[in-house]
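Chain A is the first sequence line, chain B the second, and so forth, proteins listed ahead of strands; every chain is numbered from 1.
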Amino acid sequence: MGEYNFKFIESKWQKKWDEAKAFEAVNGSDKPKFFGLVEFPYPSGQGLHVGHPRSHTAMDIIARKRRMQGYNVLYPIGWDAFGLPAENYAIKNNVHPAVITAKNIANFKRQLKMLGFSFDWSREVNTTDPDYYKWTQWIFIQLFKRGLAYKQEMPINWCTSCNVGLANEEVVNGVCERCGGEVIQKRQSQWMLKITEYAQRLVDDLDDIDFLEKIKTQQRNWIGRSEGAEVRFTLTTGDEMTVYTTRADTLFGATYTVISPEHPLIEKLADKLENLDEVKAYQSAAAKKSEFERTELAKEKTGVMLKGVKAINPVTNTEIPIFVSDYVLVTYGTGAIMAVPAHDTRDWEFAKKFDLPIIEVVAGGKDVQQEAYTDVYKGTMINSGFLTGMPVKEAIPAMIDYLEKEGLGKRKVNYKLRDWVFSRQRYWGEPIPIVSCEKCGFVPLPESELPLVLPDMAEFKPGENGESPLANATDWINTTCPCCGGAAKRETDTMPQWAGSSWYFLRYTDAHNDKALASKEALDYWTPVDWYNGGMEHTTLHLLYSRFWHKFLYDIGVVPTKEPYQKRTSHGMILGENGEKMSKSRGNVVNPDDVVNEVGADAFRTYEMFLGAFDQSTPWSQQGLKGCYRFLEKVWNLQNILVDDDSVSADLEKSLHKTIKKVGEDFERMKFNTAIAAMMSFMNEVTKKGSITKGELKVFITLLNPVAPHMTEELWEILGGKGLLSLAKWPEYDPAKTVDDEVEIVVQINGKIRDKAMVPAGLDRSGLEEIAMRSEKIKELTEGKNIIKVIAVPGRLINIVVK
RNA sequence: GCGGAUGUGGCGGAAUUGGCAGACGCGCCAGACUUAGGAUCUGGUGCCCCCGGCGUGCAGGUUCAAGUCCUGUCAUCCGCACCA
């Protein structure tokens with residue numbers, strides 16, 4: 001027997017799998033399908049970090065097991081390759097981003113191959129490939145044609161030092177990620193996608209899919225649905241303002257109103273305002289505040305009262321002041337609120353600062369002069385006319401009914417979700433396939449002209465005024481209008497990185513189709529994705545965006561399902577050995593290349609799955625890694641005690657069947673650590689026994705194969721197994737052989753363990769009791785005492801309660 | 001502030017419905033083999049005042065029985081952050 005030479009074994013089997021096309025999924029198969037998905041990586045210059053293999057190995061285990069169970073498995077991979085780091089690197093080093101991206105992809109590919117994942121490499125996709133982004137552009141055009149993509153002036157992040165527009169991701173703690181310069185808001189025309197149109201469906205359809213509950217919760221919170229009412233206030237000038245509230249019940253307690261600094265009402269009332277200068281000054285001060293300052297100063301309320309105009313509370317008919325304050329957001333509701341200081345913390349703070357009246361309309365809290373009482377579930381209405389005496393929960397609909405009847409307001413649902421800012425003033429992204437024509441406005445390219453290829457440029461620094469680098473590609477920009485044939489200009493903004501990743505999983509089903517993003521047959525067969533594992537950090541970005549795009553594609557008949565992913569799970573982070581997040585600056589980064597070089601891919605994979613609970617963050621441990629290597633080496637060395645016999649021996653049969661059951665079930669629940677622990681236990685038992693038959697070892701390495709595929713494949717060959725182990729049959733267990741004939745039960749007195757006994761497995765309560773009472777130890781301890789009660793739990797314990 | 005977690009030996013972590021707390025691995029201790037050991041093998045390893053007690057962040061409660069259920073409280077991490 002040779003030594004455990006993982007280097008030789010691993011490259012040998014990787015080559016064999018490639019040659020045999022062992023992991024290629026089949027389109028047009030009549031087998032049941034399984035579509036397992038992991039997030040395709042952004043090919044960064046740093047190469048793979050240890051977080052990638054955690055997710056990839058987990059899904060690889062599931063995919064390998066499914067394959068052995070007879071499924072037609074699609075486990076694909078690709079590259080989410082547009083994005084800022086490549087572009088920034090390109091600017092700094094004067095290399096084209098395409099060059100650096102190709103180099104990074106080659107490195108990532110080498111690393112992923114070295115880890116032995118059972119990806120179907122024949123379906124590899126790359127978001128920067130024109131054959132791919134042709135369809136990203138195609139989807140954009142469909143969105144545009146249906147009014148879901150529109151251009152609007154929006155504030156963007158502007159670095160005052162680099163003189164350049166920044167994506168949100170580039171603004172860290174309110175300053176420019178690259179230079180640390182101050183970031184302010186600058187208005188610029190931007191492409192937007194109407195994700196808000198799908199808000200309700202994005203919430204509702206969560207009920208039908210199998211996502212981790214915390215993922216659903218996070219998406220629901222992000223979408224932020226709230227039910228309330230819009231209420232119309234008449235002003236003393238005869239004008240009107242509409243406010244949004246979820247607490248219509250408190251209208252009797254509204255003692256002032258507030259509008260946001262950007263609210264159009266200010267413009268409208270301009271001539272009537274006695275303190276217009278003061279108001280204007282406040283507006284411009286608010287506009288100048290950076291996002292950072294606004295959140296920094298969140299606690300301290302500021303504002304200005306509009307002089308010369310008041311609002312009339314529609315139920316009390318009292319005149320109440322109108323304030324302008326930046327604690328009210330123009331982007332939510334109507335940009336105006338009615339303030340009820342007695343029952344809203346923010347209004348209370350504002351009222352205290354400006355010395356405004358606080359009127360209690362819900363009784364049951366503490367003194368509202370001391371703090372706001374905001375509980376919706378308790379409390380009774382007071383000082384509220386026809387609502388007085390009602391509990392809050394009834395008063396809310398009662399008030400809305402009244403407002404609707406009187407024509408003073410109406411029911412209204414609002415969402416926190418905003419439309420998606422889809423423009424980036426950047427080079428390294430998909431060009432937006434729209435031209436702007438003076439006569440025809442925005443015109444989409446005809447589909448026959450796709451892909452609109454990103455022009456090759458030597459200079460891709462962003463423009464002076466926050467324009468995209470593409471603004472310098474004059475030959476490319478100037479074109480003719482597809483509609484009228486006149487002179488027109490191309491859109492110079494590109495799409496964000498989220499564009500290509502919003503539909504990539506669909507492309508895997510039919511990766512080389514040049515007629516459609518994928519054929520109908522392929523989509524019908526493969527979608528939805530059965531199981532998608534990825535990081536929590538994408539929950540309100542990629543995961544939400546791609547659900548939106550998928551629903552849109554469903555609406556226009558491109559995909560057959562409402563939801564893209566049937567099941568979504570998430571893995572915890574791997575921390576540095578010191579328990580901190582891995583980062584270059586902390587110097588605690590573990591490089592997969594080094595690990596594989598030292599202990600091999602199989603030990604690396606095993607440790608990544610063993611180091612802790614899959615869904616939780618856990619620190620890396622070099623010693624722990626060694627432990628997994630030792631385990632594999634011991635498995636390898638079982639050859640030393642091999643008995644040439646294809647049957648399973650009587651004394652290992654039960655353990656083997658129990659292990660099959662445990663490993664299979666634990667894999668499904670992503671309890672990889674306990675599955676591996678069970679295999680370690682089995683191996684320890686074999687070692688203790690001193691021998692293992694060929695038959696037993698074959699079953700055992702089949703179980704281990706999804707975790708450590710190379711070594712088990714080599715052993716399979718040594719044992720004379722037929723074909724590839726990776727394509728062999730997953731073992732089944734006999735439930736009858738997973739239960740012991742005899743079990744140890746404990747005998748307790750008053751809940752404390754006093755004795756143990758081996759009893760037949762099926763023994764009933766009275767049988768157990770009899771055995772317990774016969775025990776010498778128990779006799780002794782219960783002597784002269786009063787037995788009050790005996791609790792017997794078959795298969796577990798007997799508890800004798802004495803006094 | 002809101003939302004979501006998490007808290008168990010020296011360490012990473014186990015523990016379906018409440019039913020032997022500490023599986024498995026690391027580390028540590030002892031022994032074996034060795035010229036040698038950061039190799040390998042064997043045995044041991046929660047704590048203590050050790051014939052008996054005590055132990056799952058802390059304080060209570062329910063129960064024959066609580067890591068698990070209930071009430072309160074503290075700590076740490078993550079996400080959102082003036083959303084009316």
Side-chain angles (χ1 to χ4, degrees), chain A residues 212-218 220-222 224-226 228-229 243-248 250 254 257-258 260 294-295 297-301 325-329 331-340 343-347 349-350 374 414-418 536-537 539-540 572-573 575 577 579 581 606-607 610-613 615-628 630-631 633-634 637 665 669 671 673-684 687-688 744-753 755-756 788-802:
Chain A
L212 287 182
E213 210 45 51
K214 64 176 173 180
I215 295 174
K216 290 189 183 181
T217 306
Q218 209 172 307
R220 283 194 194 105
N221 290 345
W222 182 260
R225 182 182 196 277
S226 76
V243 303
Y244 176 69
T245 181
T246 54
R247 292 294 303 274
T250 60
T257 66
V258 190
S260 71
R294 252 184 110 137
T295 50
L297 303 169
K299 293 281 162 258
E300 189 60 20
K301 302 267 184 294
S325 170
D326 65 4
Y327 88 90
V328 174
L329 308 173
T331 47
Y332 185 77
T334 60
I337 61 155
M338 63 178 213
V340 186
H343 305 292
D344 182 282
T345 312
R346 295 151 303 179
D347 296 345
E349 282 168 9
F350 192 85
T374 58
N414 268 323
Y415 302 91
K416 290 185 196 172
L417 187 69
R418 292 292 114 78
M536 279 308 285
E537 70 274 17
T539 302
T540 54
M573 244 191 317
L575 306 170
E577 199 134 11
K581 204 169 160 175
T606 308
Y607 179 60
F610 183 68
L611 87 177
D615 57 356
Q616 238 131 18
S617 302
T618 313
W620 180 268
S621 154
Q622 205 61 27
Q623 289 298 341
L625 174 69
K626 286 249 175 71
C628 286
R630 280 205 282 263
F631 165 61
E633 200 176 36
K634 283 181 201 164
N637 289 335
E665 287 173 356
R669 296 186 301 148
K671 298 262 189 181
N673 54 340
T674 51
I676 292 167
M679 291 191 270
M680 287 172 168
S681 293
F682 179 78
M683 205 212 47
N684 291 343
T687 312
K688 209 166 218 170
E744 190 186 52
I745 54 139
V746 297
V747 185
Q748 299 177 330
I749 293 177
N750 290 347
K752 306 238 162 177
I753 299 157
D755 202 7
K756 296 187 179 185
I788 295 168
K789 204 174 179 186
V790 178
I791 294 118
V793 183
R796 295 209 183 267
L797 55 68
I798 302 150
N799 189 12
I800 302 164
V801 187
V802 299

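- Atom-to-atom, CD of A/E349 to P of B/G1 comes out at 12 Å; the value is rounded to the nearest Å.
- The nearest whole Å value for the distance from the CD1 atom in A/I788 to the P atom in B/A65 is 11 Å.
- Using a 4.0 Å heavy-atom cutoff across all strands shown, A/G224 reaches no nucleic acid atom at all.
- Close to B/U17, at under 4.0 Å from its OP1 or OP2, lies no side-chain N or O of A/R796.
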Can you check nucleotides 10-12 of chain B for protein contacts, nitrogen or oxygen pairs under 3.5 Å, and list what you find?
from, atom 1, to, atom 2, distance (Å)
B/G12, O2', A/L611, O, 2.5

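- Of the candidate nucleotides B/G3, B/A84, B/C20, B/C20 has the atom lying nearest to any side-chain atom of A/E744.
- Across all strands, A/R418 comes closer than 4.0 Å to base atoms (heavy-atom distances).
- The side chain of A/W222 lies closest to B/C80 when the candidates are B/A23, B/C24, B/C80.
- In this structure, A/A339 reaches neither bases nor backbone, as no heavy-atom distance under 4.0 Å exists between it and the strands shown.
- Applying the 4.0 Å criterion to OP1 and OP2 of B/G4, one finds that A/R220 has every side-chain N and O outside that range.
- Between the NZ atom of A/K671 and the C1' atom of B/A14 there is a distance of 9 Å, given to the nearest Å.
- Between B/C41, B/G19, B/G4, one nucleotide has an atom nearer to the side chain of A/V793 than all others, and that is B/G19.
- Across all strands, A/N799 comes closer than 4.0 Å to base atoms (heavy-atom distances).
- Checking B/C26, B/G13, B/G3 against the side-chain heavy atoms of A/Q623 singles out B/C26 as nearest.
- Here A/N414 lies out of heavy-atom contact (under 4.0 Å) with every strand.
- Distance A/R225 CZ to B/A84 P: 12 Å, rounded to the nearest Å.
- Mapping A/A613 and A/K756 onto RNA chain B via the closest heavy atom, the residue that lands nearer the 5' end is A/A613.
- Taking atom NZ of A/K634 as the reference point, atom C1' of B/A39 lies 13 Å away to the nearest angstrom.
- For B/C26, its base never sits under 3.5 Å from the side chain of A/K626 at any donor and acceptor pair.
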Dump the intermediate steps for side chain to side chain contact (heavy atoms under 4.5 Å, CB included) on A/D344 and A/R247, then the final yes or no.
CA-CA 9 Å; A/D344 182 282; A/R247 292 294 303 274; over 6 Å; no
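- Residue contacts for A/I753: at a heavy-atom cut-off of 4.0 Å it reaches the sugar-phosphate backbone alone, with no base atom in range.
- Dashed line: the shortest gap from a side-chain N or O of A/K752 to OP1 or OP2 of B/C54 is under 4.0 Å.
- Side-chain atoms of A/Y607 do not come within 3.5 Å of backbone N or O of A/W620 as any donor-acceptor pair.
- At the heavy-atom level, A/Q616 lies under 4.0 Å from the strands shown only through sugar-phosphate atoms.
- As judged by a 4.0 angstrom heavy-atom cut-off over every strand, A/K416 is placed among the base-contacting residues.
- Residue A/T246 is in sugar-phosphate contact alone, with no base atom involved, counting any heavy-atom pair closer than 4.0 Å across all strands shown.
- Between the C1' atoms of B/G9 and B/A14, the separation comes to 13 Å (whole Å).
- Closest approach to the A/T674 side chain among B/G25, B/C64, B/A14 is made by B/A14 (side chain taken as heavy atoms from C-beta onward).
- Applying the 3.5 Å distance criterion, the base of B/C82 shares a donor-acceptor pair with the side chain of A/K301.
- In this structure, A/I676 atom CD1 and B/C26 atom C1' are separated by 15 Å, rounded to whole Å.
- Between A/F682 atom CZ and B/A23 atom C1' there is a gap of 17 Å when expressed in whole angstrom units.
- Paired runs in RNA chain B that reach 3 or more consecutive Watson-Crick or G-U pairs, where each pair keeps both distances under 3.5 Å, cover B:1-7 with B:74-80, B:10-12 with B:24-26, B:27-32 with B:40-45, B:46-48 with B:52-54, B:57-61 with B:69-73.
- Ring geometry for A/F350 versus A/Y327: interplanar angle of 30 to 60°, hence tilted.
- Residue-to-nucleotide proximity on RNA chain B shows that, of A/T217 and A/R247, the 5′-proximal contact is made by A/T217.
- Note on A/K216: nothing from the nucleic acid sits closer than 4.0 angstrom, heavy atoms only.
- Regarding A/I791, its CD1 atom lies at a distance of 15 Å from the P atom of B/G18, rounded to whole Å.
- For the OP1/OP2 pair of B/A5 and a distance below 4.0 Å, the side-chain nitrogens and oxygens of A/K214 include no atom meeting the criterion.
- Annotation: B/G46 and B/C50 have their C1' atoms spaced 14 Å apart (nearest Å).
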Between A/T250 and A/M338, is a side chain to side chain contact (heavy atoms under 4.5 Å, CB included) present by the stated rule, with each step listed?
CA-CA 10 Å; A/T250 60; A/M338 63 178 213; 3.6 Å; yes
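- Using a 4.5 Å heavy-atom threshold, the side chains of A/I791 and A/Q748 count as separate.
- Between A/N673 and B/A14 there is a side-chain polar atom (N or O) within less than 4.0 angstrom of OP1 or OP2.
- Here A/Y332 reaches the OP1 or OP2 of B/A84: one of its side-chain N or O atoms lies under 4.0 Å away.
- Using a 4.0 Å heavy-atom criterion, one finds that A/S226 contacts the sugar-phosphate atoms exclusively.
- Distances shorter than 4.0 Å separate none of the side-chain N or O atoms of A/Q218 from OP1 or OP2 on B/G79.
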Apply side chain to side chain contact (heavy atoms under 4.5 Å, CB included) to residues A/L797 and A/V747 and explain how you reach the verdict.
CA-CA 6 Å; A/L797 55 68; A/V747 185; over 6 Å; no
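- Base orientation of B/C50: syn, since the glycosidic angle falls within 90° of 0.
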